[in-house]
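Data block below; observations after.
Letters A, B, ... mirror the listed sequences (proteins, then strands); counts begin at 1. The structure presented is a predicted model; accordingly, all values stated were derived computationally and were not measured.
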Number of protein chains: 2
Amino acid sequence: MDRQRTDRNEEASAQERPTLKTLAFMTGLGVTTVSRALKDAPEIGAETRRRVQLVAKQIGYRPNRAGVRLRTGKTNVISLVLNTEHELMSFVSDIIYGVTEVIADTPYHLIVTPYSRSQDPLDPVRYLVETGSADGVIISRTQPNDPRARYMLERGIPFATHGRTDMGLVHPYHDFDNYAFANEAVRYLAGRGRSRLALVTPPVGLTYYGHTVNGFVDALSEVGASEVPFNTVSIDQSIEQIRMRTAQLMRRKDRPDGFVSSAAAATLAIVAGIEDAGLKLGRDVDVVSKQSSELLHLFRRELLVVNESFRLAGSELARAVLGWIGGAAPGSLQTLSKPSEVLPYRG
Amino acid sequence: MDRQRTDRNEEASAQERPTLKTLAFMTGLGVTTVSRALKDAPEIGAETRRRVQLVAKQIGYRPNRAGVRLRTGKTNVISLVLNTEHELMSFVSDIIYGVTEVIADTPYHLIVTPYSRSQDPLDPVRYLVETGSADGVIISRTQPNDPRARYMLERGIPFATHGRTDMGLVHPYHDFDNYAFANEAVRYLAGRGRSRLALVTPPVGLTYYGHTVNGFVDALSEVGASEVPFNTVSIDQSIEQIRMRTAQLMRRKDRPDGFVSSAAAATLAIVAGIEDAGLKLGRDVDVVSKQSSELLHLFRRELLVVNESFRLAGSELARAVLGWIGGAAPGSLQTLSKPSEVLPYRG
DNA sequence: TTGGCAATCTGTAACGTTTCAGTATATTGA
DNA sequence: TCAATATACTGAAACGTTACAGATTGCCAA
């Protein structure tokens, strides 16, 4: 049995959802005319156009997504591809809000496509492209040579990356200037008399790992400070690991007197490790950390923070994908967001 | 021009996505037979069935979502409806992961439907139902008398709520036992000699506000402790507000010596407020807090925590909606998760 | 032999949309 | 006056799927 049980031969007053046919019947026009009138096609008379649009608005006509999608291939969907193990909590929530903010008054829906450690990060992207499930894709955890970007570029599907690539290929991205962040963090620490600095890096392999390290290293030589290697740790690791390794490090006599940390969660662990070693934040060591919500100052007032907005990233990425879908040049859809000043405790 | 530019009259070797027609051509059968063979219809010969399924797997056939959706009305989508202002960060990320975990090996996609303060919470739900955009819906911030639940129940669209309602209507839900949480928190505090307790409540109006308050109040009288009213604060407020109000409260001579807090973010603010007033956690006052990630003990080791898993909530909610869609009785799809013990600092 | 029936398979129509190839009417140019 | 042309509209087909109502074949009972 068909799911429509009303007599549909001649549009009874049925309370079913209105379609083009309904509108055609009500206006006395053909469905073709109605379809074109709704999209302001030039070959439709001005009055007819207004009339159709009025009726459509009155009865709350909304195009059937499946109809459009089947006919045109346009899904009106953009997909956010997320790693279910390594994304930061605040990243997920803020970026989603940023994206939805932008697509709110468009016909687009946002679908979340997850993948896990065990999978090739290319899998979800391949799935989306092969099944034609989205008009545009947003990916994070971008690598200098990113197979996902290459793949989508080859297939011609619009996408935007959170973070840049370095393949000589041009595509939309939004990135935070992590070079500037690390650079300024070092300078700030130097200004407070710190000279032996350790860096808590982003995950090795991601593009912004390189940016961060470069900013850090360049600033070190500029201010004449030295690096205390801490390569065993990155922000992808568990709280416990980071804490333990930090405590180990801080018990050595050649310990650092300053940290630059790329993520708030890692910073909590760093601080815990510092305190495990019996040292005191602000006195024995200073820590500059990125954060995406205003929580670190509550945690320890001595922390020095730089803000990075993932909500902004979400908005920019959504704007970029929509722009590309809309025909803009990919190269014109690249944004870089500058870090805030280093903020000490204010009050 | 049609988006398909290949000569499609007689299935050339075109690298287009395979459809039922492709399969029909390859197997020499009719599309109807192929369609039925793929869904194990009984009137298809066993060998034919195997043959079709083999070929389908070989060439990686995947049903076209738009085709199915247009024909059957089934969207294979479930929607998570979120408030973009008030949801907790960790809630969003964990619940999404929980949901995707469950739908990973189903044909379902997850779409995120946001709404903001300015909107009626019913708006997004109405939109989903009117446009038939999802087969099932998950909502949070559930109220005792929830118009959204009532609305969806009337329209017969499967949904699950995070939190219970109290309208005498039966529907799937997942809830955390906040009565037990508040109750045990009070008992624990009493066990540590605390007798003047304040409650940092969930948002007034949500069902679990009542549960929490009841658990708190009942336990108070059972252990003979008293309540220090703190009604000006709930976990929906800003960090700054909570912090300020807590500091005010703690400067009064009739201040509490114990807090029960319903959310980790609020707890950070509470502690900050306590310390603003010059008091010390663990000595002057104890705080029991719910948390959804293991961060509070890093924050202040003296904090007493109870864990609530939003990932579990996401999974359970997804299971519930899918169950309802699959025809299970709504009443059989209700789960309540018990709080962990109160966990003091362990090392 | 014939009729009936079960077992398999098939063509057609429909879901709602857009595109293509028109048609009908009014308007213009010579 | 007649044809050419612009204007405003229209029906049919197609996207990929499933439901309905057959169609074909073989087999068995009468």
Could you please name the option among [options] that lies closest to any side-chain atom of [X]?
X: Leu70(A); options: dT18(C), dC9(D), dC15(D); result: dC15(D)
X: Thr19(A); options: dT17(C), dT10(D), dT17(D); result: dT17(C)
X: Thr32(B); options: dA12(D), dC9(C), dT12(C); result: dT12(C)
X: Pro63(B); options: dC15(D), dT17(D), dT10(C); result: dT17(D)
X: Val68(B); options: dT17(D), dT12(C), dG16(C); result: dT17(D)
X: Ile44(A); options: dC9(D), dC15(D), dC15(C); result: dC9(D)
X: Thr48(B); options: dT10(D), dT18(C), dC9(C); result: dC9(C)

### Query
Taking atom CE of Met167(A) and atom OG1 of Thr207(A), what is their separation to the nearest 0.5 Å?
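Here the rounded value is 9.0 Å.
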### Query
Are Arg65(A) and Asn76(A) close enough, and set up right, to give a side chain to side chain contact (heavy atoms under 4.5 Å, CB included), and what steps lead you there?
CA-CA 8 Å; Arg65(A) 309 190 119 235; Asn76(A) 283 308; 3.6 Å; yes
Nearest-Å distance, [atom1] ([X]) to [atom2] ([N])?
X: Leu23(B); N: dT17(D); atom1: CG; atom2: C1'; result: 13 Å
X: Asn64(A); N: dG16(D); atom1: CG; atom2: C1'; result: 14 Å
X: Arg51(A); N: dC9(D); atom1: CZ; atom2: P; result: 8 Å
X: Arg49(A); N: dC9(D); atom1: CZ; atom2: C1'; result: 13 Å
X: Glu43(A); N: dA21(C); atom1: CD; atom2: P; result: 14 Å
X: Lys39(A); N: dT18(C); atom1: NZ; atom2: C1'; result: 7 Å
X: Arg69(A); N: dG16(D); atom1: CZ; atom2: C1'; result: 12 Å
X: Leu20(B); N: dT12(C); atom1: CG; atom2: P; result: 17 Å

### Query
Is it the case that Gln334(B) and Asp175(B) place a side-chain donor and acceptor less than 3.5 Å from each other?
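Checked: Gln334(B)/Asp175(B) side chains show no N/O donor-acceptor pair below 3.5 Å.
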Reckon [X] touches a base, only the sugar-phosphate, or nothing at all at heavy-atom distances under 4.0 Å?
X: Gly67(A); value: base
X: Gly132(B); value: nothing
X: Arg36(A); value: base

### Query
Should the pair Arg311(A)-Glu101(A) be classified as a salt bridge under the 4.0 Å nitrogen-to-oxygen rule?
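Here Arg311(A) pairs with Glu101(A) in a salt bridge, since their nearest N and O are under 4.0 Å apart.
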### Query
Are Arg17(B) and Glu130(A) ion-paired here, with the side-chain N under 4.0 Å from a carboxylate O?
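No salt bridge links Arg17(B) with Glu130(A).
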### Query
Per the side chain to side chain donor-acceptor pair (under 3.5 Å) rule, which among His171(B), Arg148(B), Arg150(B), Gln143(B) passes with Thr165(B)?
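In the set His171(B), Arg148(B), Arg150(B), Gln143(B), the residue that makes a side chain to side chain donor-acceptor pair (under 3.5 Å) with Thr165(B) is His171(B).
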### First of Pro42(A) and Tyr61(B) reached from the 5' end of DNA chain D, by closest nucleotide
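First, find each residue's nearest nucleotide; the 5'-ward one identifies Pro42(A).
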### Query
Under 4.0 Å: is that the gap between some side-chain N or O of Thr72(A) and OP1 or OP2 of dT17(C)?
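For Thr72(A), the contact criterion (side-chain N or O under 4.0 Å from OP1 or OP2 of dT17(C)) is not met.
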### Query
dT10(C) phosphate, OP1 or OP2: any side-chain N/O from Thr33(B) under 4.0 angstrom?
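Answer yes for this pair, as a side-chain N or O of Thr33(B) is under 4.0 Å from OP1 or OP2.
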